[in-house]
Amino acid sequence: MSIQDIGPNLRRLMKLKGYTIAKLAKEMEVGTATISNILNGRSEPQSSTLIKFGNALGVSLNEILSDAPKLKSLRFRTNKTLSAREKAERDQMLYKTAQWLKNYHDLEKMLDEKRNDLFENLEMTTPEETAREVRKKLGLLKDQPLYDLPAEIEKAGIKLYLHHFGFKKTFGLSVSDRDLGPAIVINAEKDVSIERRIFTIAHELGHLLMHPGSYDSIESIEEGSDEQEKEADRFAGEFLLPTVALKKEWNEAEGLHWVDRVLKIKKMYRVSYKTVLIRLSQIFPHYDPGTIYRKFSMAYKEKYHHDLKNYYEPESLTSYDLLEDHFAGLVRKAYFSDRISITKAGEILEKSVSEMRKLIVAWRELELDEET
């Protein structure tokens, strides 16, 4: 920890909690000059002052004192202006991402775990051909659904983080190997559907593979071009719902109402109904992309008496359909091999000591079941 890190950490936490210097000084019962000097690195706070900061901001001392890691190869895109509150949430999210990447790297080094680079020397032409090549590298059949996308991503050597961003104007981001990646970070806010999260993982994977040059800027938020976004969407569509699979399933279900044909494929391939519709319009020329959503919405409401407003996703997946367990598995290995303490395990997984104890009991119960 460096004194230079305390100020940035406190500024980030103050923004997140909505504190001005004056408001925080009043709550801590200290002078505004004292806080200002600490924020600007002109003085080092006493332990009693640090405790007051922690109590006022509702955070641990570790979060105030820890190094302030920064991301240098980030692709993060939002089409909408963020409010001051959302910017604070964004800064906190980026800080948490950097901490997670460092913990991930440290755990792998501690446990001597080697990461794969399954997509090294990947042949890339069009987004669709690239997606088919990626599926081949993963050992997937041409029409096979992706039942466990996090496992496939990890198998390829890409870290995956499901994290609550605190705002919904961005669905995800990706980080190159310059920042201990490659990694994909997904917004796990409750109003972001599982189908949307799955598509975002595939979308960011497309960026990592097809647009490595867009990660070259240092400590910047990459807006990206519209063309790159379209290419990443095309990659994601073919990766999740291959052309050969859609044609096969669509034709085999021809006896069903067309709404049910869409919903059947949606459920089978774990994508949103919109993904199925856009893929249909890409593959079959007679489906007009400009009207297919409206036609589906009207037909769905007529058949099921429910509209598709407010991001409603029919036959929606649940959070149990998208779980990332490799990172927690590394923590488990490190703890049971006595490489980290229960306190450190809780810090990494963002759990209290009591929560960690309960989790360790569950881990031990599983061990006993496996032995018997």
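In what follows, residues are counted from 1 in the order of the sequence shown. From a predicted model like this one, the values you see are computed outputs, not experimental measurements.
Residues K344 and E347 are paired through a salt bridge, judged by an N-O separation under 4.0 Å between the basic side chain and the carboxylate. A salt bridge does not link E154 to K159: none of the charged side-chain nitrogens sits closer than 4.0 Å to a carboxylate oxygen. Between K102 and D106, at least one side-chain N (NZ, or NE/NH1/NH2) sits under 4.0 Å from a carboxylate O, which counts as a salt bridge. Between K72 and D179 no salt bridge is recorded (no basic side-chain N to carboxylate O distance below 4.0 Å). Salt bridge status for E238 with R132: present, with a side-chain N to carboxylate O gap under 4.0 Å. A salt bridge is absent between E249 and R261; no separation between the charged side-chain nitrogens and carboxylate oxygens falls under 4.0 Å.
Side-chain N or O atoms of N116 include none that pairs as donor or acceptor with a backbone N or O of L118 at under 3.5 Å. Judged purely by atom type and a 3.5 angstrom limit, T34 has no side-chain atom pairing as donor or acceptor with the backbone of V30. Within the 3.5 Å criterion, the main-chain N or O of Y312 finds no donor-acceptor partner in the side chain of N310. No donor-acceptor pair under 3.5 Å is formed between the side chain of R12 and the backbone N or O of A88. The closest donor-acceptor contact from the side chain of T130 to the backbone of T126 lies under 3.5 Å. Between the side chain of Y269 and the backbone N or O of D143 there is at least one donor-acceptor pair closer than 3.5 Å. In this structure a side-chain-to-backbone donor-acceptor pair under 3.5 Å is missing from D321 to L317. One N or O on the side chain of R339 and one on the backbone of M110 form a donor-acceptor pair closer than 3.5 Å. For E324 (side chain) and L162 (main-chain N/O), no donor-acceptor pair under 3.5 Å exists by modelled atom type.
Summarising the geometry, atom CD1 belonging to I201 is positioned 4.5 Å from atom CD1 belonging to I186; distances are rounded to the nearest 0.5 Å. Taking CG from D307 and CD from E302, the interatomic distance works out to 14.0 Å, rounded to the nearest 0.5 Å. With values rounded to the nearest 0.5 angstrom, L107 atom CG is found 6.0 Å from L111 atom CG. Between I35 atom CD1 and M14 atom CE the span is 6.0 Å, to the nearest 0.5 Å. The structure places CD of E129 at 12.0 Å from CZ of F235, a figure rounded to the nearest 0.5 Å. A distance of 11.0 Å separates CD1 of I265 from NZ of K248, quoted to the nearest 0.5 Å.
For OH of Y311, the number of neighbouring non-hydrogen atoms (other residues, nucleotides, ligands) closer than 6.0 Å is 12 at most. Shown here is K333, whose NZ atom has no more than 12 heavy atoms of other residues, nucleotides or ligands within 6.0 Å. Heavy atoms from other residues, nucleotides or ligands lying under 6.0 Å from NZ of K15 number 12 at most. Heavy atoms of other residues, nucleotides or ligands lying less than 6.0 angstrom from NZ of K295 number 12 at most. Residue-environment remark: CD (E113) exceeds the threshold of 12 foreign heavy atoms within 6.0 Å. Counting heavy-atom neighbours within 6.0 Å of K303 NZ, excluding the residue itself, gives a total above 12. Environment of CE in M268: crowded, with over 12 heavy atoms of neighbouring residues, nucleotides or ligands closer than 6.0 Å.
For H164 and N187, the side-chain atoms include no donor-acceptor pair closer than 3.5 Å. Judged by distance alone, the side chains of S176 and R178 never bring a donor and an acceptor atom under 3.5 Å apart. One side chain, R279 or T243, offers a donor N or O that lies under 3.5 Å from an acceptor on the other. If you check the side chains of S341 and Y335, you find no donor sitting under 3.5 Å from an acceptor. Side-chain N/O atoms of Q99 and Y95 include a donor and acceptor closer than 3.5 Å. In this model, no donor atom of one side chain and acceptor atom of the other lie less than 3.5 Å apart for S174 and R75. For S272 and E195, the side-chain atoms include no donor-acceptor pair closer than 3.5 Å. For H211 and E231, the side-chain atoms include at least one donor-acceptor pair closer than 3.5 Å. Using a 3.5 Å distance cut-off with no hydrogens or angles, the side chains of Y300 and D260 do not pair a donor with an acceptor.
Contacts of K114 classified as salt bridge (Lys or Arg N to Asp or Glu O under 4.0 Å), with partners at least two apart in sequence or in another chain: D112. With sequence neighbours left out, N40 forms a side-chain contact (heavy atoms from CB on, under 4.5 Å) with R11, S36, R42. The salt bridge (Lys or Arg N to Asp or Glu O under 4.0 Å) check on D148 picks up nothing, with sequence neighbours excluded. Applying the side-chain contact (heavy atoms from CB on, under 4.5 Å) test to K96 and every residue at least two apart in sequence or in another chain returns E63, Q92, Y161, H163, E350. Under the side-chain contact (heavy atoms from CB on, under 4.5 Å) criterion, Q144 pairs with R135, L140, L141, not counting sequence neighbours.
A cation-pi arrangement is absent between K17 and Y19, since the terminal nitrogen or guanidinium carbon is not both under 6.0 Å from the aromatic centre and inside a 45° cone about the axis. Figure legend: R270 and F199 shown without cation-pi pairing, the cationic atom not lying both under 6.0 angstrom from the six-membered ring centre and within 45 degrees of its axis.
Scanning both residues, V271 and V276, for their nearest heavy atoms gives CG2-CG2, 3.7 Å. In plain terms, the two heavy atoms of L349 and A328 that are nearest each other are CD2-CA, 4.2 Å. Residues L205 and I184 come closest through the heavy atom pair N-CD1, 3.7 Å. When every heavy atom of I38 is checked against every heavy atom of P45, the shortest pair comes out as CD1-CB, 3.6 Å. The two residues Q228 and S214 come nearest to each other via the heavy atoms OE1-CB, 4.0 Å.
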Start with the C-alpha distance between E152 and K155, add both sets of side-chain angles, then the distance that settles salt bridge (charged side-chain N to carboxylate O under 4.0 Å, His left out), and finish with yes or no. CA-CA 5 Å; E152 300 294 345; K155 184 170 71 177; 3.0 Å; yes
Before giving the answer on side chain to side chain contact (heavy atoms under 4.5 Å, CB included), spell out for L94 and R90 the whole-Å C-alpha distance, their side-chain angles and the decisive distance to 0.1 Å. CA-CA 6 Å; L94 297 180; R90 176 203 61 196; 4.2 Å; yes
Can you list the steps and then say if Q46 with T49 is a side chain to side chain contact (heavy atoms under 4.5 Å, CB included)? CA-CA 5 Å; Q46 298 178 348; T49 305; 4.2 Å; yes
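Counting only heavy atoms from C-beta outward, the side chains of F53 and N9 never approach each other to under 4.5 Å.
Both V262 and F284 are members of a single hydrophobic cluster when ILVMFWY side chains are connected at heavy-atom separations under 4.5 Å.
Hydrophobic side-chain contacts under 4.5 Å tie Y147 to no other Ile, Leu, Val, Met, Phe, Trp or Tyr residue.
A salt bridge (charged side-chain N to carboxylate O under 4.0 Å, His left out) with K169 is found for exactly one of E89, E189, E86, namely E86.
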